[in-house]
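A quick write-up on the structure given underneath.
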2 protein chains.
Amino acid sequence: MRRGRHITLRDVAALAGVSSRTVSNVVNGYANVTEATRARVQRAVDELGYQPNVLARNLAQGRSGQIAVVVPYLDTPYFAELLQGIIRAARTRGYNVLIDQTDGDRAHERELITKRSHRLLFDGVIFSPLGLSQAALADRDPTLPLVILGERVSDGTFDHVGIDDVTASRQATEHLLDLGRTRVAAIGDQPYETGEAAQLRTQGFREAHRSRGLAVDERLIIRTPRFNRLDGATAMKHLLDLPEPPDAVFCYSDLVALGAIHTLIARGKRVPEDVAVIGYDNIEDGAYSNPTVTTISPDKEMIATTAVERLLLRIGSRTPPPGLELRAPHQLIVRESTAGRG
Amino acid sequence: MRRGRHITLRDVAALAGVSSRTVSNVVNGYANVTEATRARVQRAVDELGYQPNVLARNLAQGRSGQIAVVVPYLDTPYFAELLQGIIRAARTRGYNVLIDQTDGDRAHERELITKRSHRLLFDGVIFSPLGLSQAALADRDPTLPLVILGERVSDGTFDHVGIDDVTASRQATEHLLDLGRTRVAAIGDQPYETGEAAQLRTQGFREAHRSRGLAVDERLIIRTPRFNRLDGATAMKHLLDLPEPPDAVFCYSDLVALGAIHTLIARGKRVPEDVAVIGYDNIEDGAYSNPTVTTISPDKEMIATTAVERLLLRIGSRTPPPGLELRAPHQLIVRESTAGRG
DNA sequence: CGTGCTGTTTGCAGCGCTGCAAAACTGTGG
DNA sequence: CCACAGTTTTGCAGCGCTGCAAACAGCACG
């Protein structure tokens with residue numbers, strides 16, 4: 001299988017005239033090696049061009065040096081941008097990232113954290129679940145270090161990193177109300193078990209109305225199966241067909257917003273004059289679209305870094321630390337879809 | 001539920017009353033196992049909930065069961081969409097995908113295919129290089145199975161999968177000329193070693209003019225460092241500031257096109273009435289933007305599948321197969337940015 | 001009843017590394 | 001010169017699996 005012999009610890013040891021264990025100590029920078037031996041070994045390492053066999057090391061240590069990141073869809077810009085940060089953060093800490101895309105398949109999501117065999121491929125998982133039920137979470141491998149992104153309140157056995165969805169959504173809605181809009185719609189509600197994120201946003205949407213002393217027109221809260229362009233486009237069509245269509249829309253993702261805007265333009269509506277639109281996630285698309293999209297911008301870099309750090313902490317500790325609720329900051333970015341052209 | 005200790009082949013062997021080697025044979029579905037033993041072993045496997053240790057298997061076999069995919073940027077929709085296909089294709093063939101993002105760092109790209117230690121983490125690489133020089137390719141680990149995406153003619157030691165960039169670019173340009181446009185610009189040229197893809201597109205651009213008996217105005221060929229929105233936006237500004245601005249633009253990626261359109265709209269130009277725009281890649285954004293973007297659509301699914309298949313073939317064969325040039329089909333998709341609102 | 005054949009099962013070594021504990025060295029003080 | 005503590009180095013076992021070749025069937029045939 002191997003073409004050409006590899007250079008092993010033993011080869012180096014032979015050349016340096018020490019035991020292979022000592023070479024290992026040098027290579028790994030362990031303490032208690034005299035400068036003399038260290039130098040001698042180092043010279044042998046250089047001369048032979050020795051490079052450690054990661055597989056063997058992993059087997060011996062019972063760890064893999066890899067973490068898995070599980071996302072529903074890779075081509076969703078939000079996940080792609082987040083992933084980018086995670087990969088960067090993991091690499092600087094000596095970890096490789098294994099990407100798993102579930103295609104929103106719940107069975108697959110479940111299997112990933114349940115099956116033991118995977119356990120050896122990665123030391124921990126950062127999970128951005130689409131439809132992970134509480135049950136699946138409950139009967140997961142309890143030794144698997146886990147950090148969850150998006151919305152899913154921690155039960156104390158894992159960390160959860162996200163932004164304050166309720167507050168952010170309230171701010172988004174208030175922004176629309178502050179423009180003087182009176183019929184504000186919401187696109188993206190998911191009133192069932194696996195739609196926690198959506199529900200928190202709906203909650204913020206309601207709170208904004210309440211705080212202004214306004215009633216929510218339930219017909220203006222539209223459910224969507226996911227948060228992509230098509231969902232936004234379809235939902236917007238439905239809204240425009242109402243007897244009293246909205247004059248503003250809070251979309252639960254920027255993709256939804258882009259889809260909604262697409263429909264509005266196609267129907268000859270002006271954005272924001274006829275209908276103001278706000279999104280969520282601050283993906284790059286929204287900064288270049290026509291019109292550009294007002295949005296809630298979560299601090300993705302911070303989410304990524306925090307997730308990786310907490311996970312590695314979990315991996316590193318004998319007794320798992322308590323599961324934390326970690327909040328990254330967010331901010332409202334106002335662009336043309338609510339403010340109009342400059 | 002056993003905590004701590006894993007269940008090994010030996011445990012199963014003991015329970016089934018056979019040797020561990022036989023259990024291995026059963027688990028791996030090797031031939032020459034009688035139905036009786038197979039059943040007995042299987043029962044033991046099920047009873048104990050045995051799951052093989054991938055690490056150990058890999059070490060013993062000297063392979064990792066993983067392939068690496070190297071892309072410059074994850075948040076470029078084109079790569080994300082491609083990756084999605086690659087991950088899917090690899091998984092169905094029992095391979096995991098390790099993602100490496102180079103951030104366009106050439107040193108990193110180089111190191112990835114040069115360093116031997118990585119060799120053990122993955123059995124092969126699918127590479128979408130940004131700036132991989134011929135030299136770096138030349139002194140790579142010659143035993144590393146390699147498939148390259150994008151533009152980079154094979155030197156016979158690896159496979160190359162892509163579409164026919166010259167033809168596609170010629171078609172794109174001809175489409176603009178067919179609309180009666182007389183001053184067609186090109187955004188994205190990269191006339192230096194690592195810009196092969198760009199150069200092929202420029203070549204197609206020129207061929208289209210030649211085939212129509214038209215001269216190319218060199219001032220209308222704009223260089224950009226990359227192919228993203230910002231590049232497109234900047235280049236378009238430059239073009240609009242020319243004494244005789246173009247009435248059509250061939251952009252070397254959809255992102256560039258979206259950036260260019262952004263600038264056009266901001267400057268009060270109508271698309272396509274004043275300036276027609278065509279992109280390249282057919283990313284989802286272009287189907288929902290305002291206006292929607294005419295584009296060259298490569299068959300991404302086919303590119304992904306082909307790349308994975310060729311790579312696994314390479315990994316599997318003792319004597320490496322000859323490096324092939326593989327062409328996936330493409331097609332022109334006409335949308336609003338050249339055809340106007342239907 | 002041995003001989004050869006095919007098909008099935010097994011034992012052993014070893015992939016290349018690290019954990020562990022013992023061994024071999026220091027150097028110090030009595 | 002010995003006992004003792006501290007530092008450095010070593011040997012060995014073993015992580016859990018598979019490659020290899022040998023051992024052992026079972027069967028047909030002479």
Side-chain angles (χ1 to χ4, degrees), chain A residues 1-42 44-45 48-65 94 116-121 123 318, chain B residues 2 4-42 44-45 48-65 94 116-121 123 318:
Chain A
M1 308 292 80
R2 270 175 354 284
R3 11 208 158 183
R5 278 264 298 121
H6 281 218
I7 291 156
T8 75
L9 270 189
R10 262 183 275 281
D11 298 330
V12 179
L15 179 61
V18 296
S19 78
S20 63
R21 194 60 247 258
T22 298
V23 179
S24 169
N25 285 338
V26 170
V27 170
N28 293 288
Y30 288 162
N32 295 346
V33 183
T34 54
E35 199 37 58
T37 27
R38 158 169 277 106
R40 198 143 43 89
V41 169
Q42 191 56 54
V45 165
L48 294 176
Y50 168 75
Q51 300 196 327
N53 181 326
V54 201
L55 252 47
R57 175 181 298 171
N58 291 346
L59 177 61
Q61 291 188 149
R63 39 149 273 166
S64 70
R116 267 239 149 175
S117 60
H118 295 133
R119 189 71 181 68
L120 293 156
L121 273 181
D123 302 329
R318 276 224 156 283
Chain B
R2 275 141 224 79
R5 277 270 295 127
H6 280 213
I7 292 156
T8 74
L9 272 190
R10 262 183 275 280
D11 297 329
V12 180
L15 180 61
V18 296
S19 77
S20 64
R21 193 57 247 252
T22 298
V23 178
S24 169
N25 285 338
V26 171
V27 170
N28 293 288
Y30 288 161
N32 297 346
V33 183
T34 54
E35 199 37 58
T37 24
R38 172 185 312 297
R40 198 143 41 89
V41 170
Q42 191 55 55
V45 165
L48 295 175
Y50 168 75
Q51 301 195 326
N53 181 326
V54 201
L55 254 47
R57 174 181 296 171
N58 291 346
L59 177 62
Q61 291 187 149
R63 40 148 271 166
S64 69
R116 267 238 149 178
S117 59
H118 294 134
R119 189 70 181 68
L120 293 156
L121 273 181
D123 301 329
R318 267 218 160 289

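Each chain gets a letter, A, B and so on, in the order the sequences are listed, and its residues count up from 1. Remember, predicted model here, so these are calculated numbers, not experimental data.
Checking D/dT18, D/dC17, D/dT8 against the side-chain heavy atoms of A/Thr34 singles out D/dT8 as nearest. For A/Tyr50, counting side-chain heavy atoms from C-beta on, the closest listed nucleotide (D/dT18, C/dC17, C/dT10) is C/dC17. Counting only heavy atoms from C-beta on, A/Asn25 has its side chain closest to D/dT10 among D/dT10, D/dC17, D/dC15. Candidate nucleotides D/dT10, C/dC17, C/dT10 were compared by shortest atom distance to the side chain of B/Ser19, and C/dT10 ranks first. When the nucleotides C/dT8, C/dG19, D/dC17 are ranked by their closest atom to the side chain of A/Gln61, C/dG19 comes out on top.
If you check every strand for non-hydrogen atoms under 4.0 Å, A/Asn32 touches a base. Using a 4.0 Å heavy-atom cutoff across all strands shown, B/Asn58 reaches no nucleic acid atom at all. Among the protein residues, B/Thr22 comes within range of the nucleic acid bases, having at least one heavy atom under 4.0 Å from a base atom. Within the 4.0 angstrom heavy-atom criterion, no nucleotide atom of any strand lies near A/Ser20. Counting any heavy atom pair closer than 4.0 Å across all strands shown, B/Arg57 reaches sugar-phosphate atoms only and no base atom.
Computed from coordinates, the B/Asp11 CG to D/dG14 P distance equals 15 Å when rounded to whole Å. Atom C1' of nucleotide C/dT10 and atom CZ of B/Arg40 are separated by 14 Å, given to the nearest angstrom. Here the P atom of nucleotide C/dT9 and the CG atom of B/Asn28 are 15 Å apart, to the nearest Å. For the pair B/Asn53 CG and D/dG14 P, the interatomic distance rounds to 17 Å; values are reported in whole Å. Straight-line distance from the CG atom of B/Leu9 to the P atom of D/dC15: 12 Å, rounded to whole Å. Taking atom CG on B/Leu55 and atom P on C/dG16, their separation rounds to 15 Å, with Å as the unit. Atom CG of A/Leu59 is separated from atom P of C/dG16 by 12 Å (rounded to the nearest Å). In this structure, B/Gln51 atom CD and D/dG16 atom P are separated by 14 Å, rounded to whole Å.
For the pair A/Val12 and A/Ala44, the tightest heavy-atom approach, listed with the atom from each and the gap, is CG1-CB, 3.8 Å. The minimum heavy-atom distance between B/Arg40 and B/Val18, with the atom names listed, is NH1-CG1, 4.0 Å.
When each of A/Val26, A/Leu15, A/Asn25 is paired with A/Val41, the side-chain contact (heavy atoms from CB on, under 4.5 Å) condition holds for A/Val26 and for no other. Each of B/Thr22, B/Val45, B/Val23 was compared with B/Leu9 under the side-chain contact (heavy atoms from CB on, under 4.5 Å) criterion, and only B/Val23 meets it.
Using modelled atom types, one finds no donor on one side chain facing an acceptor on the other under 3.5 Å when comparing A/Arg57 with A/Asn53.
Summarising the geometry, atom CG belonging to A/Leu55 is positioned 10.0 Å from atom OG belonging to A/Ser64; distances are rounded to the nearest 0.5 Å.
At least one donor-acceptor pair under 3.5 Å links the side chain of B/Asp11 to the backbone N or O of B/Thr8. No donor-acceptor pair under 3.5 Å is formed between the side chain of B/Ser20 and the backbone N or O of B/Arg10.
In terms of position along DNA chain C, the nucleotide closest to B/Arg21 lies nearer the 5' end than the nucleotide closest to the other residue of the pair B/Arg21 and A/Ala60.
Each end of the helix from C/dC1-D/dG30 to C/dG30-D/dC1 yields a helix axis from five base pairs, and these two axes differ in direction by 70° (to the nearest 10 degrees).
Checking the phosphate oxygens (OP1, OP2) of D/dC17, no side-chain nitrogen or oxygen of B/Ser24 falls inside 4.0 Å.
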